[in-house]
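Reminder, nothing fancy here: chain letters follow the sequence lines and each chain counts from 1. Everything numeric in this text was worked out from a predicted model, so none of it was measured.
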2 protein chains.
Amino acid sequence: MPDTLSQTFSALADPTRRAILARLRLGEASVSQLAEPFLGQMTLPGVTKHLKVLERAGLVTKGREAQWRPCTLNAAPLKDAAEWMDEYRVFMEASLDRLGEYLKTVTPPVGESTRTDAPTTPPPPYDDHR
Amino acid sequence: MPDTLSQTFSALADPTRRAILARLRLGEASVSQLAEPFLGQMTLPGVTKHLKVLERAGLVTKGREAQWRPCTLNAAPLKDAAEWMDEYRVFMEASLDRLGEYLKTVTPPVGESTRTDAPTTPPPPYDDHR
DNA sequence: TTAGTATTATACTTATCAGCTAATTAACTA
DNA sequence: TAGTTAATTAGCTGATAAGTATAATACTAA
């Protein structure tokens, strides 16, 4: 029973599933419509499985209309993921080099704590252990 | 051999690994420093494995300093992931409801194509099938 | 050289995932 | 009713992942 965020990232960790989401941005589509671009490389049950993963992650909602299951995009779960990523925006940029240098002056070099008489400094708190 | 984006998302799909990244935002740390918060629930080799996943994804760089392996955050691979997410920003917001209604007026209802004489409309192109 | 610390490697178990084929359900159509 | 289309389920395989315990490696220090 993984947490929501893990489930979201896990669902995104597949190119087929990302392609399905990209397709759904253009509007709702049935299962076979979604499957059509992949049928050369994959069978329909395969696509159904991917859809189930997306459904479990809450990214896709399946309705019923006669024998069709119109699928719609639900991007709400992506919000948490996007917020998580935002925390790292600063570290993504080209300023990474200078930032890295700066951090080296702030963080004591690894191993110092065991080489000196100073007590082992416990690692700083972290906030993402869900 | 999964694509880069899949590898990135896959690496993020684990709370332990996300916690490690969060810790590394504060500065470099050795393997045992990174492992310390988890040693109640996981062994050291377990953490080493998680680090290897992060390393393969290019999110963590391991150096050498005597018997220590100082780990540093490398957020560059997150850039692609963030860009991917940005495409969905519009769909995450509360305006989803109205947007959904709007899309329904644009996209023909599922099944219409087989009920009428119109040729089966092929699904629109998609751009994320990497 | 010996002992101790930090880290990784190996080998194994268990669980999950991605894919397939074949069979099944559910709804429409003639 | 029989046939067709849309989608799912079931059962199987092979690959990968997470976790363990134990052993090996790499370096420091006495």
Side-chain angles (χ1 to χ4, degrees), chain A residues 1-3 6-7 9-20 28-36 38-57 60-71 109-117 119-121 123, chain B residues 1-3 6-7 9-20 28-36 38-57 60-71 109-117 120 123:
Chain A
M1 42 177 77
D3 58 294
S6 297
Q7 222 170 347
F9 280 131
S10 183
L12 300 181
D14 183 284
T16 305
R17 289 197 290 264
R18 288 197 304 276
I20 289 174
E28 84 177 11
S30 71
V31 174
S32 28
Q33 278 176 336
L34 290 173
E36 196 267 338
F38 309 110
L39 291 185
Q41 316 123 52
M42 197 179 310
T43 59
L44 193 62
V47 176
T48 297
K49 274 197 179 181
H50 281 301
L51 274 172
K52 186 151 281 182
V53 173
L54 291 169
E55 238 184 321
R56 252 189 306 150
V60 161
T61 310
K62 227 177 284 181
R64 337 191 35 150
E65 192 156 338
Q67 66 251 242
W68 294 274
R69 299 295 126 85
C71 301
V110 174
E112 285 296 349
S113 50
T114 26
R115 278 203 283 265
T116 71
D117 289 323
T120 306
T121 28
Chain B
M1 43 176 75
D3 58 294
S6 297
Q7 220 169 348
F9 280 132
S10 182
L12 299 182
D14 182 284
T16 303
R17 290 198 288 264
R18 288 198 304 276
I20 289 173
E28 84 177 10
S30 71
V31 174
S32 27
Q33 279 176 337
L34 289 173
E36 195 267 337
F38 308 110
L39 292 186
Q41 316 123 52
M42 198 180 305
T43 59
L44 193 62
V47 176
T48 297
K49 274 198 177 179
H50 280 301
L51 274 172
K52 185 152 282 179
V53 173
L54 291 169
E55 237 184 322
R56 251 189 307 150
V60 161
T61 310
K62 225 177 284 184
R64 338 192 30 150
E65 192 156 337
Q67 66 252 244
W68 292 274
R69 300 295 126 85
C71 301
V110 173
E112 284 296 349
S113 50
T114 25
R115 277 203 283 265
T116 72
D117 287 322
T120 306

Self-check item: Rounded (10°) bend between the five-pair end axes of the helix from dT1(C)-dA30(D) to dA30(C)-dT1(D)
Solution: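 Result, rounded to 10 degrees: 10°.
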
Practice problem: Working to the nearest 0.5 Å, report the span between CG of Leu54(A) and CD of Gln7(A). | Solution: 11.0 Å

Practice problem: Please round to the nearest 0.5 Å and tell me the distance separating atom CG of Leu34(A) and atom NE2 of His50(A). | Solution: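 So the gap between those two atoms works out to 12.5 Å.
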
Rounded distance in Å - [atom1] ([X]) to [atom2] ([N]):
{"X": "Asp3(B)", "N": "dA18(C)", "atom1": "CG", "atom2": "P", "answer": "13 Å"}
{"X": "Gln67(B)", "N": "dA6(C)", "atom1": "CD", "atom2": "C1'", "answer": "6 Å"}
{"X": "Glu65(A)", "N": "dT5(D)", "atom1": "CD", "atom2": "C1'", "answer": "15 Å"}
{"X": "Leu39(A)", "N": "dC20(C)", "atom1": "CG", "atom2": "C1'", "answer": "14 Å"}
{"X": "Arg56(A)", "N": "dA18(C)", "atom1": "CZ", "atom2": "P", "answer": "9 Å"}
{"X": "Gln41(B)", "N": "dG19(D)", "atom1": "CD", "atom2": "C1'", "answer": "13 Å"}
{"X": "Trp68(A)", "N": "dT4(D)", "atom1": "CH2", "atom2": "P", "answer": "16 Å"}

Grab the two heavy atoms, one from [X] and one from [Y], that are nearest each other, plus how far apart they are.
{"X": "Ser6(A)", "Y": "Pro15(B)", "result": "OG-CD, 3.3 Å"}
{"X": "Ala11(A)", "Y": "Ala57(A)", "result": "CB-CB, 3.8 Å"}
{"X": "Leu44(B)", "Y": "Ser32(B)", "result": "CD1-CA, 4.4 Å"}

Quiz item: Quick one: does Phe9(B)'s side chain get under 4.5 Å of Arg18(A)'s, heavy atoms only?
Solution: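 Heavy-atom side-chain distance check passes, below 4.5 Å.
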
Quiz item: Got Glu65(A) and Ser30(A) here, is their nearest side-chain heavy-atom distance under 4.5 Å?
Solution: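 They are not in side-chain contact.
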
Practice problem: Quick one, give me the B/S/- string for nucleotides 8-15 of chain C, reading 5' to 3', where B means a protein heavy atom under 4.0 Å from the base and S means that only happens at the primed atoms, P, OP1 or OP2. | Solution: BB-B----

Quiz item: When the nearest nucleotide of DNA chain C is assigned to Met42(A) and to Arg64(A) on a heavy-atom basis, which residue is associated with the more 5' position?
Solution: Met42(A)

Quiz item: For dA17(D), does OP1 or OP2 lie under 4.0 Å from any side-chain N or O of His50(B)?
Solution: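 So the side-chain polar atoms of His50(B) never come under 4.0 Å of the phosphate oxygens OP1 or OP2 of dA17(D).
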
Quiz item: Which residues pass the side-chain contact (heavy atoms from CB on, under 4.5 Å) test with Lys62(B), sequence neighbours left out?
Solution: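 Scan of Lys62(B) (side-chain contact (heavy atoms from CB on, under 4.5 Å), adjacent residues dropped) gives Leu51(B), Glu55(B), Arg69(B), Cys71(B).
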
Exercise. Consider the side chain of Ser32(A), meaning its heavy atoms from C-beta on, and name the nucleotide among dA7(D), dC27(D), dA18(D) that approaches it most closely.
Key: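 Of all the options, the side chain of Ser32(A) is nearest to dA7(D).
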
Quiz item: What nucleotide among dA18(D), dT7(C), dA18(C) has an atom nearest to a side-chain atom of Ser30(B)?
Solution: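 Out of dA18(D), dT7(C), dA18(C), the nucleotide with an atom closest to Ser30(B)'s side chain is dT7(C).
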
